[in-house]
Asks: 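Dumping the structure here so I can ask a few things about it.
Just so you know, these numbers use all the heavy atoms, side chains as well, and skip hydrogens, waters and symmetry mates.
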Amino acid sequence: QVQLVESGGGLVQAGGSLRLSCTASGGTFSRYAMGWFRQAPGKDRDIVASITTSGGGTFYADSVKGRFTISRDNAKNTVYLQMNSLKPEDTAVYYCAASSYYASQFKNDYNYWGQGTQVTVSS
């Protein structure tokens with residue numbers, strides 16, 4: 001059983017930056033592809049970015065390409081999401097997730113989820 005704990009959310013002005021972290025315990029972190037998802041009020045939980053087990057492959061939603069960067073440190077059991085040039089429409093609860101399958105875009109492919117961290121971008 002893998003436990004995931006996110007941190008780093010908060011309130012930031014438009015144009016600012018935040019870095020989210022997600023630390024895993026209870027499993028072999030390097031065996032899991034990781035993803036970041038977000039969910040705004042009244043909306044579905046959507047993919048933001050995903051990364052392969054080695055970190056050699058990444059995927060980004062079109063809405064964040066060029067602004068967000070996903071990375072991982074397998075020695076620290078941690079995946080990161082660097083978010084730059086934030087926009088009000090980035091406001092959401094951000095979740096990290098672990099997949100024993102592959103670095104999927106689809107939330108149903110992820111086995112484990114964190115509790116989420118709120119990101120609020122003011123205009």
Asks: Once you round to the nearest 0.5 Å, how far does OG1 of Thr58 lie from CZ of Arg72?
Replies: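 So the OG1 of Thr58 and the CZ of Arg72 are separated by 12.0 Å.
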Asks: Kindly give the heavy-atom pair with the smallest separation between Ala33 and Ala103, and that separation in Å.
Replies: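 In terms of heavy atoms, the two residues are closest at CB-N, 3.5 Å.
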Asks: May I have the step-by-step check of side chain to side chain contact (heavy atoms under 4.5 Å, CB included) for Leu20 and Thr117, ending in yes or no?
Replies: CA-CA 8 Å; Leu20 305 183; Thr117 186; 4.0 Å; yes
Asks: Is the distance between the ring centroids of Phe68 and Trp36 under 6.0 Å?
Replies: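 No - the distance between ring centres of Phe68 and Trp36 does not fall below the 6.0 Å cut-off.
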Asks: Is Asp90 salt-bridged to Lys87, cutoff N-O under 4.0 Å?
Replies: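 Looking at Asp90 and Lys87, the cut-off is not met.
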Asks: Any idea which heavy atoms bring Phe29 and Asp73 closest together, and the distance?
Replies: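 Closest pair (atom of Phe29, atom of Asp73, distance): CE2-O, 4.1 Å.
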Asks: In terms of hydrophobic clustering (I, L, V, M, F, W, Y; side-chain heavy atoms under 4.5 Å; direct or indirect links), are Val48 and Val93 co-clustered?
Replies: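 No; Val93 is not reachable from Val48 via cluster members.
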Asks: Provide the closest heavy-atom pair for Tyr110 versus Gly35 in the form atom of the first, atom of the second, distance.
Replies: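 Closest pair (atom of Tyr110, atom of Gly35, distance): CE2-N, 3.6 Å.
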Asks: Quick one: does Leu81's side chain get under 4.5 Å of Thr69's, heavy atoms only?
Replies: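 Answer no - side chains too far apart.
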Asks: Please find the pair of heavy atoms, one from Thr53 and one from Asn74, that lie closest to each other, and give the distance.
Replies: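 Smallest interatomic distance, heavy atoms only, reads O-ND2, 3.1 Å.
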Asks: If you measure from CE on Met83 to OG on Ser17, what distance do you get to the nearest 0.5 Å?
Replies: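 The distance works out to 8.5 Å.
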Asks: Given side chains that start at C-beta, do those of Leu18 and Gln82 come closer than 4.5 Å, heavy atoms only?
Replies: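 Result no, sub-4.5 Å side-chain heavy-atom pair not found.
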Asks: If every non-hydrogen atom of Ala14 is compared with every non-hydrogen atom of Pro88, which pair is closest and at what distance?
Replies: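 Where Ala14 meets Pro88 most closely, the heavy atoms are CB-CD, 4.1 Å.
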Asks: Quick one: pull up CG in Asn111 and CD in Gln1 and give me the separation to the nearest 0.5 Å.
Replies: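 These two atoms lie 9.5 Å from each other.
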Asks: Can a donor-acceptor pair be found, under 3.5 Å and without considering hydrogens, that links the side chain of Thr78 to the backbone of Lys76?
Replies: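 Yes, Thr78 side chain to Lys76 backbone: donor-acceptor pair under 3.5 Å.
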Asks: Do Tyr60 and Val79 sit in the same hydrophobic cluster, where Ile, Leu, Val, Met, Phe, Trp and Tyr count as joined when their side-chain heavy atoms come under 4.5 Å apart?
Replies: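 Shared cluster, yes.
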Asks: Quick one: does Glu6's side chain have a donor or acceptor within less than 3.5 Å of a partner on Gln115's backbone?
Replies: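 Yes, the answer is positive, given that a donor and an acceptor are paired below the 3.5 Å cut-off.
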Asks: Indicate yes or no for a side-chain donor-acceptor contact from Ser100 to the backbone of Tyr32 under 3.5 Å, with no hydrogens or angles considered.
Replies: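 Judged by distance alone, no pair lies under 3.5 Å.
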Asks: State which residue, out of Ile70, Thr52, Ile51, Ile47, fulfils the side-chain contact (heavy atoms from CB on, under 4.5 Å) condition with Phe59.
Replies: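 Only match with Phe59 under side-chain contact (heavy atoms from CB on, under 4.5 Å): Ile47.
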Asks: Under a 3.5 Å distance rule, please check whether Thr28 uses its side chain to pair with a backbone N or O of Arg31 as donor and acceptor.
Replies: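 Between the backbone of Arg31 and the side chain of Thr28 there is no qualifying donor-acceptor contact (under 3.5 Å).
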Asks: Return the minimal non-hydrogen interatomic distance between Tyr95 and Gly114, and the atom names on each side.
Replies: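 Shortest heavy-atom separation between Tyr95 and Gly114 comes out as CD2-O, 3.6 Å.
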Asks: So Leu4 and Trp113, do their side chains get closer than 4.5 Å, heavy atoms only?
Replies: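 Sidechains of Leu4 and Trp113: no contact.
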Asks: Yes or no on side chain to side chain contact (heavy atoms under 4.5 Å, CB included) for Val64 and Arg38, after CA distance, side-chain angles and deciding distance?
Replies: CA-CA 12 Å; Val64 306; Arg38 66 186 180 187; 4.0 Å; yes
Asks: Keeping Arg67 on the side-chain end and Ser85 on the backbone end, is there a donor-acceptor pair under 3.5 Å?
Replies: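 Between the backbone of Ser85 and the side chain of Arg67 there is a qualifying donor-acceptor contact (under 3.5 Å).
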Asks: Could you walk me through whether Gln118 and Tyr94 pass side chain to side chain contact (heavy atoms under 4.5 Å, CB included), step by step?
Replies: CA-CA 6 Å; Gln118 177 71 47; Tyr94 283 70; over 6 Å; no
